[in-house]
Amino acid sequence: MTTHKLTLAYTEFDGTSQLDADDILLLQEAWKSCDSAYAPYSNFHVGASLRLANGLVFIGNNQENAAYPSGICAERVAVFSASAVQPGVAIQTIAVVAKTEVFNLATPVTPCGACRQVLAEYEMLAGKPIRILLQGNSEKIWLLDGISNLLPLMFQGADLKK
Ligand code: THU
């Protein structure tokens, strides 16, 4: 019997002062997008913005629906719209921010399981780790380098071909 241990890592910043201009801009775009989220049922507003390897930036926000499961998360809106317009172009960085008036988000919000799996698909397609920037209702920012830090032991498309 062997027990395997996995390590995951993220870097915490106490504000934007140590981030480069590209990352600061992505966070700003994510916050702008967050303001346009359609979240009348949860009142939980999420904004995402991503930069592709060719420099183009795409945004997304959560879109809810009276039939709850028909809604979709901010991350997937951003990723799918990027892939629809720029298929096959690697995602370099995605920023995800969230706010709600219902309670205080002291730590950044991490993507849901479905969004992690979707991000994993595009990371595998491009063969390069996606950087993930996260911020909640405080100055704190988390940076993760690659989806394996969010979704260890992820299911991969290659598994279907074994
Ligand atoms: N939500 C996102 O947009 N991204 C996440 O990663 C977590 C959850 C949205 C979905 C729903 O509209 C609301 O937040 C509450 O779950």
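When a residue number appears, it is its place in the shown sequence, counting from 1. Order of listing sets the numbers, starting from 1, for every ligand and every atom in it.
- Put simply, the side chain of Met124 reaches to within 4.5 Å of the side chain of Met154, judged on heavy atoms.
- Side-chain contact check for Leu8 versus Pro152: some heavy-atom pair is nearer than 4.5 Å.
- Atoms of ligand 1 lying under 4.0 Å from at least one heavy atom of Ser42, given by number and element, are 13 (C), 15 (C).
- The shortest heavy-atom distance from Ala39 to ligand 1 is not under 4.0 Å.
- If you number the atoms of ligand 1 from 1 as listed, the ones under 4.0 Å from a heavy atom of Pro111 come out as 6 (O).
- Of all the heavy atoms of Cys73, the ones lying under 4.0 Å from any atom of ligand 1 are found in both the backbone and the side chain.
- Of all protein heavy atoms, the one lying nearest to atom 9 (C) of ligand 1 is Asn62 ND2, 3.5 Å.
- A distance of 6.5 Å separates CZ of Arg51 from OG1 of Thr93, quoted to the nearest 0.5 Å.
- Between the choices Gln63, Arg76, Glu64, Glu75, the shortest heavy-atom distance to atom 6 (O) of ligand 1 belongs to Glu75.
- Note: Tyr41 and Tyr68 have tilted aromatic rings, judged against thresholds of 30 and 60 degrees for the angle between ring planes.
- Under the 4.0 Å distance rule, the nearest protein heavy atom to atom 16 (O) of ligand 1 falls outside the cut-off.
- The single protein non-hydrogen atom nearest to atom 3 (O) of ligand 1 is Ala74 N, 2.9 Å, given as residue, atom name and distance.
- Under 3.5 Å, the side chains of Gln63 and Asn61 contain a donor-acceptor pair of N or O atoms.
- Between the side chain of Gln135 and the backbone N or O of Ser138, at least one donor-acceptor pair lies under 3.5 Å.
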